[in-house]
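In what follows, chains carry the letters A, B, and so on, assigned in the order in which the sequence lines appear, proteins first and then strands, with residues in each chain numbered from 1. Side chains included, hydrogens not; waters and symmetry mates left out as well; all remaining heavy atoms used.
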Amino acid sequence: MPAAIHLITGKGGTGRTTTAIATTLALRDAGARVMLLSLSDDGGLERAVDELEPAARPPVIVLAGHGALEAFLTEHLPARVSRRAARHPVLATLFRAAPGTEEITQLDALERWSRRTDLDHLVIDGEASGHTLLWLDLPRVFGSLRAGGVLGPRLTQIAAMVRDPRRFVVHATSSPSAWVAAETRALAEGLTSRGVARGAMVWTETTDVSLDASAVAALEARSQHDPMSEDLRHLRVAVARDAAARQWGALGFGHAIAVPWIDRHEADWGAALLDRGRRLLPAMAARA
Amino acid sequence: MSLLDHIEGARWIVVAGPGGVGKTTTAACIAVACARAGRRTLALTVDPARRLADALGVTPSTSHDVAVEGLPLTVAMLESEATFRALLPRMIESAEARQHIEANRVYQRFLGSLARTHAYASLERLHDVLFGEGAGTFDVVVLDTPPMRGLLDLFDAPRALAALAGSRAVDVLSGRGGISGRLARASLGMLTGPELAEELARFLDAFAPFRAGFAARASAVASAQRAPDVRTVLVTNGEPMRIADARALGAALEARTIPRHLLIGSAVIGRNTPAWPIPPSTDASARPILEAAHRLGERARMRQEQATRALRDLAASMELPCVVTARSETDPIGVAMLDALAATARAL
């Protein structure tokens with residue numbers, strides 16, 4: 001069985017990194033062999049993982065920058081050639097200056113690692129939605145340039161991987177506000193048109209307040225007539241956001257799940273994340 | 001000090017920060033504040049969701065600048081493909097050379113993609129406004145940037161371009177140079193196949209006469225980035241991960257000797273309506289509602305306090321003045337935020 005790649009994406013600030021860590025902790029807790037990756041070298045995932053207790057920290061692989069190029073060259077060129085090529089200023093300069101090159105080396109590494117037999121899952125703390133869609137386009141873009149050599153067949157294999165729901169699935173985080181949901185909808189459409197499997201739609205920033213239907217009705221009725229205190233205002237907004245998440249549902253993803261904010265200042269953030277991950281896993285198993 | 005006091009005398013304001021913190025909105029507010037103060041303002045926005053343009057009441061266009069009614073404010077979308085197409089005639093005068101480039105498939109495929117082309121588009125536009133044909137049209141330029149790495153790409157791009165322009169090895173790759181670099185050509189051919197290597201070489205060759213110009217313009221902008229009339233404003237909210245991101249970004253800018261001038265932080269006070277002062281009813285049937293409301297309210301107040309404290313601590317540790325502001329989801333760019341920016345500015 002190939003390892004499954006879970007790419008977590010979504011609008012900036014909606015909880016991608018938190019969701020990626022939570023998923024990794026839960027999978028490991030369930031006994032799976034998991035790799036946690038970042039596609040960016042800005043350090044965000046590592047900083048977040050460092051907030052966990054040392055014993056709980058999963059190792060983080062940063063698949064970005066010149067390291068990604070070196071891994072690509074080492075893999076695909078004879079040893080003597082790759083060593084010199086990696087140091088050659090032309091390739092280094094082109095890699096830094098040209099768009100798409102870093103991203104292709106990332107996709108190449110992911111395709112190879114997903115065929116490892118000592119791994120069950122790769123969880124990726126991905127970039128924001130727009131960047132993810134462009135990233136997923138790259139095999140087609142490079143392919144249209146009639147790439148041959150080493151790259152040609154690799155592009156075919158990468159394209160096959162991202163369209164195989166057993167090997168590659170995208171989960172999205174979103175917030176139940178109208179303009180964030182609109183961008184998430186565009187993401188779902190973009191993934192559908194690219195033939196990429198969608199997993200969980202995670203609505204973050206909902207609440208764990210439960211009011212029964214009559215209480216909600218009473219709250220609405222009150223707000224029609226009375227001016228509201230700040231507390232009631234917060235509640236009304238929270239209830240509205242919960243309702244919006246229910247209404248928008250999966251938005252083209254396999255399964256929707258609404259989760260409340262995890263307060264970073266909570267006494268045991270690691271335990272809260274593990275619990276969050278356990279709740280997410282069943283939702284992530286659904287496919288669209 | 002008010003916001004405008006902090007950016008007084010600025011010719012160019014760069015707005016940077018992590019994603020999802022309201023950077024684009026803040027950039028828009030800064031632009032509006034400058035325009036209201038009577039300065040002819042150009043807002044360069046990266047907003048992919050067109051939200052900013054919608055909020056300013058303009059129909060977004062990637063091919064030309066759009067003027068905002070009633071204010072000396074112009075909005076330009078920095079979408080690399082269209083920006084390049086529009087700028088190409090100014091960068092390369094010969095129509096024949098331009099056609100040659102536009103026909104190149106490498107150029108066509110990669111024009112719109114990903115962060116680095118975006119940085120190049122920004123640099124070309126900035127150069128045009130600061131030094132080129134657009135100079136003198138605007139008193140201040142407000143530049144919105146893609147989150148985190150986007151800003152660093154912008155600062156690094158001039159060096160990368162200069163390396164590309166100055167590199168003999170690139171000459172070799174494009175077939176113009178001498179004997180050395182055979183390894184590079186061989187490796188590249190092995191990696192990409194002969195057709196793509198050839199297309200790439202043609203692309204580099206087509207641009208070769210203009211590389212020096214690109215590099216010179218990029219260097220001019222790079223030097224301008226450190227001039228005293230540039231202000232770099234960091235934007236973040238008070239959430240721990242975003243605070244850590246902003247701190248790391250500040251350190252990365254410092255490592256590049258780019259000065260930072262101001263931190264604007266949004267401590268989320270409430271999401272939605274303005275505060276109403278009437279106390280809640282004591283009707284018994286309202287108890288579950290009031291209890292739930294109280295709990296949520298307490299949590300929101302605690303988050304706000306923590307956020308405000310974290311923002312002030314961050315500003316102190318970076319030795320930056322700090323403006324703390326409220327955000328509202330239903331009024332993303334409007335009177336509320338502008339007034340908040342203007343009225344709640346606090347210097348450390």
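- With a 4.5 angstrom heavy-atom cutoff, B:Met190 touches chain A via backbone and side-chain atoms both.
- Among B:Met241, B:Met302, B:Arg301, B:Gln306, the residue making the largest number of heavy-atom pairs under 4.5 Å with chain A is B:Gln306.
- Residues A:Leu235 and B:Ala292 share a closest heavy-atom pair of CD1-CB, 4.0 Å.
- Interface remark: A:Asp41 contributes side-chain atoms only to the contact with chain B (heavy atom separation under 4.5 Å).
- Using a 4.5 Å cut-off between heavy atoms, B:Pro147 makes no contact with chain A at all.
- Cation-pi geometry between B:Arg303 and A:Trp261 is satisfied (NZ or CZ under 6.0 Å from the ring centre, within 45° of the ring normal).
- Here the closest non-hydrogen pair linking A:Gly13 and B:Arg242 is CA-NH1, 3.9 Å.
- No other option in B:Ala244, B:Pro18, B:Ala252 has as many heavy-atom pairs under 4.5 Å with chain A as B:Ala244.
- Interface remark: A:Ala147 contributes backbone and side-chain atoms alike to the contact with chain B (heavy atom separation under 4.5 Å).
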Would B:Leu249 and A:Asp42 count as a side chain to side chain contact (heavy atoms under 4.5 Å, CB included) here? Give the steps.
CA-CA 8 Å; B:Leu249 183 57; A:Asp42 67 16; over 6 Å; no
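- Both the backbone and the side chain of A:Ser144 come within contact range of chain B, with heavy atoms under 4.5 Å apart.
- Residue with the most contacts toward chain B among A:Arg47, A:Glu127, A:Arg154: A:Arg47 (heavy-atom pairs, distance under 4.5 Å).
- Top candidate by heavy-atom pairs under 4.5 Å with chain A, chosen from B:Gly193, B:Gly297, B:Gly19, is B:Gly193.
- Distance check, rounded to the nearest 0.5 Å: OG1 of A:Thr18 to CD of B:Glu239 gives 9.0 Å.
- Annotation: the span from B:Leu196 atom CG to A:Leu155 atom CG amounts to 9.0 Å, rounded to 0.5 Å.
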